[in-house]
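Model, not experiment: these values are computed from the prediction.
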Amino acid sequence: MGARVGNRQVSSTEQPLLNNGREYSPDSDTDDKVQLDSGGVKMKAEMTLLNGCTVIVGCIIGSGIFVSPTGVLQSTGSVNLSLVVWAASGIFSMIGAYCYAELGCMIKKSGADYAYIHFSFGPFLAFIRLWIECVILRPCIGAIQALTFALYILKPFFPECDPPENSIKILAAACICLLCFINCFSVKWASMVQDYFTYAKLFALILICITGFIQLAQGRTEFFTWENSETDVTVIALSFYSGLFSYTGWNYLNFIIEEMKNPVRDLPRAIAISCILVTVIYVLTIVSFHTTLSPSEVLGSEAVAITFSNRLYGKVAWVMSIFVACSTFGGVNGTLLTASRLFMAGAREGQMPFLLTMIHVEKATPVPSVIVLTCMCLLYLTSSNIIMLMNYVGFATWLSIGASVLCLPYLRWKCPHMPRPLKVNLIFPITYLAMTLVITLLPMIAKPVETGIGLAMILTSVPVYMVFLAWTSKPKWVRNITTESSNWLQRVLVVLPQDRDE
């Protein structure tokens, strides 16, 4: 059978999966099957502006706002300085998102950062970005979100102490596996989970903000001081890792841009609406927490929202646990929904196993990519130190996103005549790159071990690239093993290469 992927004709020794002698792909709007003329299966572009906003908001508001207050306050020392970091992190993310809007409208390929770096700087640097995202960032973020989900679900049953570590890990693994099934079964189901759980998490944060306004009206402002503010700029820079972690996700819509109905119109709008909304809600949420909780109470709490609700909501405080769990559950779903498309983008360029380009013949979902990402998330559950995981993620995230933003001024110089539906002022990428240098270089002084481990994890991509990609004259027996294993997995997973119109 010959199936077309991009501009390449890919041969397979397997027989096509047929129904009455013809190949089919499901229509995700109707769950009916639509015949394909060219053989293969295809994912539909069906995401609207509203879907785009819920993807971004749903991915940003995950676990960060509920666990990062501790990390930010620990590095800043005072409530007022922590608020400055939270607001600055939001502005920093909006500048980056604005730059990504131009790149997304100009290079309309799924894969976001990876696609932009591959187009601008070639396959080697693109592979390093792919490695950072697929091996470090996304699985680590999914694990953090799942651990937070489990913590908030179990906390009401252990009001006087922390839940057992093993029970947290088991419940987190169950969460990841359930969402793996949903994302493999139906894109529509995954989108519904994203939409409804985004509404739930917004309701939880709005409820906290309303409570905070009531507390402020009653004069609860005693904790808003500059007392004990950190003066070491290297430590303050480290606080941005926790703050910016909470905003991680503003670029996730770019990863699935090929599935948007009108990306040029809707991508910039979705990014602007979502980033402004999240920044306002985050700052108001932190203000609300500190109307009731002292700095020492925040630093001593693993579940800040639960401590807050226990103080104010009495017998119905358990409701907050449910809403926070919904928030993090939706965050895990957003990670699986968007990051699996990055695996597909890398595989299409020949930088990951070809099996990852394939989608299920009946469900039209990227089953191999979702399963691989799920296994990576489960691997990171072996560590339950959430703050340490965030520091690893922070260094790798902002180093690689800074490289992606660098594509914008580079392409202005290298390809000045490329169509640009949206054109940003160069002051924005320059500002973003300068800020990226500060928050990646200064923490190396404050936390050399953690940043060194993060850098070592990034550098592991070099030997992998040399062995699996640069080495093209592999022995025949190696090629036979990879071909046979790929064919066997294709049969087991019932998947075919995606039929694409380039």
Under the side-chain hydrogen bond (donor to acceptor under 3.5 Å, both in side chains) test, residues paired with W250 that sit two or more places apart: none
Pair S288-Q215, side-chain donor/acceptor within less than 3.5 Å: no
The single option from F203, Y152, F197 passing ring pair (Phe, Tyr, Trp, His ring centres under 6.0 Å) against F323: F203
Donor-acceptor contact below 3.5 Å, side chain T292 vs main chain F289: no
Over all atoms of both residues, closest heavy-atom pair of T357 and M344: O-CE, 3.7 Å
Presence of salt bridge, K423 and E102, under 4.0 angstrom: no
Whether F185 and F181 hold their rings parallel, tilted or perpendicular, with breakpoints at 30° and 60°: parallel
T365 (side chain) donor-acceptor with C184 (main chain) under 3.5 angstrom: yes
S340 side chain to L337 backbone, donor-acceptor under 3.5 Å: yes
Gap between atom SG of C377 and atom CG of L147 - 0.5 Å precision: 10.5 Å
Results of ring-ring contact (aromatic ring centres under 6.0 Å, His included) for F223 - residues two or more places apart only: none
Pair Y247 + Y282: ring centers closer than 6.0 Å: yes
Donor on one side chain, acceptor on other, E349 and Y114, under 3.5 Å: no
Heavy-atom side-chain contact between T211 and Y313 under 4.5 Å: yes
Min side-chain heavy-atom separation L216-F224 under 4.5 Å: yes
Heavy-atom donor-acceptor pair, S274 side chain to I271 backbone, under 3.5 Å: no
Contacts of type salt bridge (Lys or Arg N to Asp or Glu O under 4.0 Å), residue R311, not counting sequence neighbours: E297
Any I208 side-chain heavy atom under 4.5 Å of L284 side chain: no
Side chain to side chain, T436 and F92, heavy atoms closer than 4.5 Å: yes
Check: Y100 and V405 side chains under 4.5 Å, non-hydrogen atoms: yes
Closest contact, heavy atoms only, M376 versus C134: CE-O, 3.9 Å
Within-4.5 Å side-chain heavy-atom neighbours: H290 and L73: yes
Side chain to side chain contact (heavy atoms under 4.5 Å, CB included) between I153 and C175, intermediate numbers included: CA-CA 11 Å; I153 284 288; C175 164; over 6 Å; no
Sub-4.5 Å side-chain heavy-atom contact between Y432 and I401: yes
Closest non-hydrogen atom pair between A146 and A172, with its separation: O-CB, 3.4 Å
Value rounded to 0.5 Å, distance of CZ in F428 from SG in C99: 8.0 Å
From CA spacing to verdict: side chain to side chain contact (heavy atoms under 4.5 Å, CB included), C209, T285: CA-CA 5 Å; C209 292; T285 299; 3.6 Å; yes
Neighbour count >12 (heavy atoms, 6.0 Å) for atom CZ, F158: yes
Short side-chain to backbone donor-acceptor contact, S186 and I182, under 3.5 Å: no
Test side-chain contact (heavy atoms from CB on, under 4.5 Å) applied to V287 and L83, T221, V79, the passing residue: L83
Atom of V304, atom of P69 and distance for their closest heavy-atom approach: CG2-CB, 4.4 Å
Aromatic plane relationship, F329 with F149 - under 30° parallel, 30 to 60° tilted, over 60° perpendicular: tilted
I176 vs L381, side chain to side chain contact (heavy atoms under 4.5 Å, CB included): CA-CA, chis, key distance, verdict: CA-CA 10 Å; I176 293 172; L381 288 182; 4.0 Å; yes
Any donor-acceptor pair under 3.5 Å from Q490 side chain to V495 backbone: yes
Separation of R129 CZ from C407 SG (nearest 0.5 Å): 10.5 Å
Polar side-chain atom of S369 near backbone of L356 as donor-acceptor pair, under 3.5 Å: yes
Check: N333 side chain, A190 main-chain N or O, donor-acceptor pair, under 3.5 Å: yes
S93 side chain near T279 side chain, heavy-atom distance below 4.5 Å: no
